[in-house]
**Q** 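Let me begin by handing over the structure; questions about it come next.
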2 protein chains.
Amino acid sequence: MSPENKDADNTIDYGLLDKVVGYRLRRAQMNFFATFSDVFSDLGISPGLFAVIALVESNPGRTQTAIAQALGNDRSAMVAAVDKLENMKIIERRPSKSDRRSYALYMTQTGNDFFKTASKRVMDHEKEMTSRLKDEKEVAWLLETLRTLSD
Amino acid sequence: MSPENKDADNTIDYGLLDKVVGYRLRRAQMNFFATFSDVFSDLGISPGLFAVIALVESNPGRTQTAIAQALGNDRSAMVAAVDKLENMKIIERRPSKSDRRSYALYMTQTGNDFFKTASKRVMDHEKEMTSRLKDEKEVAWLLETLRTLSD
DNA sequence: TATTGTTATACTCTATAACTATA
DNA sequence: TATAGTTATAGAGTATAACAATA
C-alpha cells in the first residue's frame with residue numbers, strides 16, 4: 001500500500017503509543033481483568049476482592065487498614081469489601097485484643113475452601129494467559145520486571 | 001524472626017498474589033498512572049486523553065468510532081473526550097466527505113504543538129520509570145511481552 | 001436494517017472529609 | 001493529638017440502551 005493511502009484504510013497506526021510502557025501495561029491489564037471477570041462471574045467476586053482474600057489468607061489477624069495499605073487502597077474502600085466478604089462467610093472480623101478500635105481479619109472454614117477453589121481458578125487463568133510466552137523462565141522474568149516497576 | 005511471630009509483625013506476605021501476573025500488572029500500571037498524572041496535572045489531560053491525541057496524530061481523518069475501537073473504549077465515551085479536546089483546541093471535528101453521519105478527527109496547529117510538548121513529557125516519564133531496568137533491550141522485550149498479553 | 005454520534009443513565013472504583021471511639 | 005473503622009459524598013471511568021440522522 002502506498003503511503004498516500006494511509007489515511008484512507010482501516011488499519012490503525014499506534015505510533016508513539018506502541019512504545020509507551022504505561023499504555024501497554026494498561027492494555028495488558030485490561031485484557032487480564034476482562035477475562036478474569038468472565039472466569040469469576042459465577043463465584044461472585046472481582047479481582048480486587050480476590051486480592052483481599054489472598055492477603056487475609058497469607059496474613060491472618062491483620063487489621064483492615066493494614067490490608068488496605070498493602071494493596072495500595074484507601075482504608076475507607078475496605079469497609080464495603082470486608083462487609084461483602086463477611087456476608088459471603090469467606091472472612092470474618094474479630095475484635096483485636098490489643099486495640100479496641102480495630103478488627104483483626106481471619107478466614108472462615110468456608111473461606112479456606114473458597115480460596116482453594118478460587119486460587120486454582122486464578123492459576124488456571126494465569127497459565128492460559130501466559131501460555132503465549134516462551135517458557136516459565138520468561139514468566140518469572142516478567143513478574144520480576146513488573147515488581148521493579150511497581151515501587 | 002521465628003515463624004511463630006509471623007502474624008504479629010508488620011511485614012506483609014503477598015503469598016500467591018506475588019506470583020500472579022494479573023495482579024503485578026495492576027500494581028505496575030497503578031504506579032505508572034499515578035506518576036503520569038502528577039507529570040501531566042499542569043497540562044490538563046489524563047492518560048486516556050493523551051492516548052486519544054496520540055492516535056489522532058498518527059491517524060488523521062479517522063472517525064470517533066474508529067479511534068474508540070482502537071483504544072478498546074466504547075464510542076459513547078469518546079463524545080466527552082473529543083468535546084474536551086476540541087474545547088482545548090487540540091483536535092477538531094470535520095464533517096466526513098463520504099458519510100454525513102460521521103466526523104473525521106484532525107489535529108489543529110495548537111494540537112501539534114501540544115502533542116510535541118506532551119509526548120516529550122511522556123517519554124521523559126517513561127525513561128525515568130524504566131531506568132530501573134537493565135537496558136533498552138530489556139525495555140523492548142517488556143513492550144513485546146505486554147503486546148503479546150494484550151490480544 | 002445497520003451504523004454514527006449523541007444523550008441519559010447507571011454502576012464500579014477511588015479518593016476526601018468528617019465523625020466516633022478509642023489510643 | 002493521633003489512629004481505626006465508618007459514613008457520606010463526589011469524581012473518574014466505563015458500559016448499556018435508546019434516539020435521530022444517515023447509510
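Since the model is a prediction, treat every value here as computed from it, not as a measurement. Heavy-atom basis, side chains included; hydrogens, waters and symmetry copies ignored.
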**Q** Ignoring hydrogens and angles, tell me if any N or O in the side chain of B:T130 forms a donor-acceptor pair with the backbone of B:L133 under 3.5 Å.
**A**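 Pair absent, no side-chain N/O of B:T130 close to backbone of B:L133.
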**Q** Find the distance A:M78:CE to D:dT7:P and express it as a whole number of Å.
**A** 14 Å
**Q** Measure the acute angle between the ring planes of B:F40 and B:F36, then classify it against the limits of 30° and 60° as parallel, tilted or perpendicular.
**A** parallel
**Q** If you check the B:R26 side chain, which of C:dT4, C:dT6, C:dT14 turns out closest?
**A**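 That would be C:dT14.
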**Q** Nearest-Å distance, CG (A:L49) to P (C:dT12)?
**A**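 After rounding, the reported distance stands at 11 Å.
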**Q** Starting from P on D:dG5, measure out to CZ on A:R62 and report it in whole angstrom.
**A** 13 Å
**Q** Would you classify B:S76 as touching base, sugar-phosphate or nothing, given that sugar-phosphate means primed atoms plus P, OP1 and OP2, and contacts are heavy atoms under 4.0 Å?
**A** base
**Q** Applying side chain to side chain contact (heavy atoms under 4.5 Å, CB included), can you list everything that pairs with A:D18, at least two apart in sequence or on another chain?
**A** A:Y14, A:R24, B:R147
**Q** What does the list of N/O pairs under 3.5 Å between the protein and nucleotides 19-23 of chain C look like, with a distance for each?
**A**
unit_1: C:dA23; atom_1: OP1; unit_2: A:R100; atom_2: N; d: 3.0

**Q** Within a radius of less than 6.0 Å around OH of B:Y103, do more than 12 heavy atoms belonging to other residues, nucleotides or ligands occur?
**A**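 Check fails, neighbour count at 12 or below.
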**Q** For A:D99, which residues count as a salt bridge (charged side-chain N to carboxylate O under 4.0 Å, His left out) partner, sequence neighbours excluded?
**A** A:R101
**Q** Output the rounded distance in Å from CD (A:Q69) to P (C:dT14).
**A** 16 Å
**Q** Roughly, in whole Å, what's the span from CE in B:M30 to P in C:dA15?
**A**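 After rounding, the reported distance stands at 7 Å.
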**Q** Over how many whole Å does the gap from A:I91 atom CD1 to D:dG5 atom P extend?
**A**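 Going from A:I91 (CD1) to D:dG5 (P), I get 12 Å.
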**Q** Begin with the C-alpha distance, continue with both residues' side-chain angles, and end with the deciding distance and a verdict on side-chain contact (heavy atoms from CB on, under 4.5 Å) for A:F33 and B:R26.
**A** CA-CA 9 Å; A:F33 272 36; B:R26 169 161 160 75; 3.6 Å; yes
**Q** Give the rounded distance in Å between these two atoms: CZ of B:R27 and P of C:dT14.
**A**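 Spelled out: CZ on B:R27 to P on C:dT14 is 11 Å.
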**Q** Can you measure A:D74 atom CG to D:dT7 atom P for me and round it to whole angstrom units?
**A**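 My rounded result for the distance is 15 Å.
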**Q** Identify the two heavy atoms, one from B:R62 and one from A:I12, that lie closest to each other, and give their separation to 0.1 Å.
**A** NH1-CD1, 3.5 Å
**Q** Take B:P47 and A:D83, find for each the nucleotide of DNA chain D with the closest heavy atom, and name the residue whose nucleotide sits nearer the 5' end.
**A**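 Result: A:D83.
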**Q** Let's test your reading of the model: under 3.5 Å, does the base of D:dT3 pair with the side chain of A:S102 as donor and acceptor?
**A** no
